Asks: 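I have a structure here, written as structure tokens, and I will follow up with some questions on it.
Nothing fancy with the numbering, it's 1 onward along the sequence. Quantities reported herein were computed from a predicted structural model and do not represent experimental measurements. One-based numbering, in listed order, for ligands and for the atoms of each. Values below: every heavy atom of this structure, side chains too, minus hydrogens, waters and symmetry copies.
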Amino acid sequence: MRIAAIIVAGGGGSRAGLPAGAPPKQYAPIAGRSALARSVSAFADHERVDDVICVIRHGDEASYAAACAYASRKVRPPAYGGATRRQSVLNGLRAAAALAPDAVLIHDAARPFVGAETIDCVIDALRDADGAIAAIPVVDSLKGANGRVIAGAVERDGLWRAQTPQGFRLDAILRAHEAAAGAGREDFSDDAAIAEWAGLRVALVLGSETNWKITTPEDWARAEREARMAQDFETRIGSGFDVHAFEPGDAVTLCGVRVPHTHRLSGHSDADAPLHALTDALLGAIGAGDIGDHFPPSDMQWRGADSAIFLAHARDLVLARGGRVVNVDVTILAERPKIAPHREAMRARMADILRISVDRVGLKATTMETLGFIGRREGLAAMASASVSLPAGSAR
Ligand code: MG
């Protein structure tokens, strides 16, 4: 059975009470990873799901690209949301139809903690039904109310709280949605309601209390707390090495600091060998290639560039994975210039670029006892290592 997941992220999420100017709730980080990225991963990492299509708002393209930058190849180009949730889902269904799946799983991006077992249960139930949704039997007593006064009990037996994912045979739910659109119906609270209206048989499968929906401002703090508690972090290390030759000049740039010298360093950018080595160390720690992959020397725009740009990019790649830089350590190998007078400025500059405290930045220098090309003052070299704390399993 070919299965496509449709992640609905088309709404602004104003009810979540984010500060003004904050990205829509589905893009704001929860313990470093957005709700959308978490929802996408839940489905893209599931072995029975073949394709993932997000439904996003016009204007959210950059936030979407950042959220899905490291997602799996299963993630297809997004569809765009409509004026209502029903219209957004229909757009997602039409996009999914092009991939000809047997079934679709429709999921709200605001439920980022959906588990693989819940997804499995919904898929399993589609063997015998047109549709199946994750849901939880109501256990609390239900009260009717007249203002703030109880006005009769509501029988809870047979009542379930609907969650997502809601799974359906594609042809059946697409027909139901097209019919609802044709009838101009906007009063359905979810896709199961549309399916039921269209006469489909929709099964209930047991969802999970952990698969809750971020809705109110209080939910935001709860999501952050739960994500942090559930998150496994692992420590990664990387190393980097770089060499640049001297040529006639009057200063070198090392660790982002200009140091007067009898020569300059030759290179495409500002030739800051220690920052290049450090950039490679960070990229190495997250398995993201090397500096040349990200900033090809053939690309004219990096001519004379401040190498802080390269290091900041590597930092952002770490942050985008929900990780953080734990510490870095750089060694400069050079006969001249002397590093010691500039060491604290260099450490401060690297800490500033990496947005970490100075005590997490090591910098050492050594001469080569006049041996080799460094000893002959033909150039200098730098090596670096970096330690990164990364959510386990996030680097896909
Ligand atoms: Mg270099």
Asks: Quick check on Glu335: does its CD atom have over 12 non-hydrogen neighbours (other residues, nucleotides or ligands) under 6.0 Å away?
Replies: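 Yes, CD of Glu335 has more than 12 neighbouring heavy atoms, counting only those of other groups under 6.0 Å.
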Asks: Nearest 0.5 Å, what's the CZ-CZ distance between Arg85 and Phe188?
Replies: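 So the gap between those two atoms works out to 13.0 Å.
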Asks: For the Mg ion (ligand 1), find the closest N/O/S atom belonging to His244 and write down its atom name.
Replies: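 In His244, the N, O or S atom with the shortest distance to the Mg ion (ligand 1) is NE2.
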Asks: Out of the N/O/S atoms in Asp242, what is the name of the one closest to the Mg ion (ligand 1)?
Replies: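 Going by distance to the Mg ion (ligand 1), the closest N, O or S atom in Asp242 is OD2.
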Asks: Calculate, to the nearest 0.5 Å, the distance between atoms CD1 and CZ belonging to Ile30 and Arg38 respectively.
Replies: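 That separation rounds to 6.0 Å.
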Asks: For the Mg ion (ligand 1), give me the closest N/O/S atom belonging to His276, just the atom name.
Replies: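 When I compare the N, O and S atoms of His276, ND1 is nearest to the Mg ion (ligand 1).
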Asks: Is Arg169 salt-bridged to Asp171, going by a charged N under 4.0 Å from an acidic O?
Replies: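 Salt bridge flag = no for Asp171 with Arg169.
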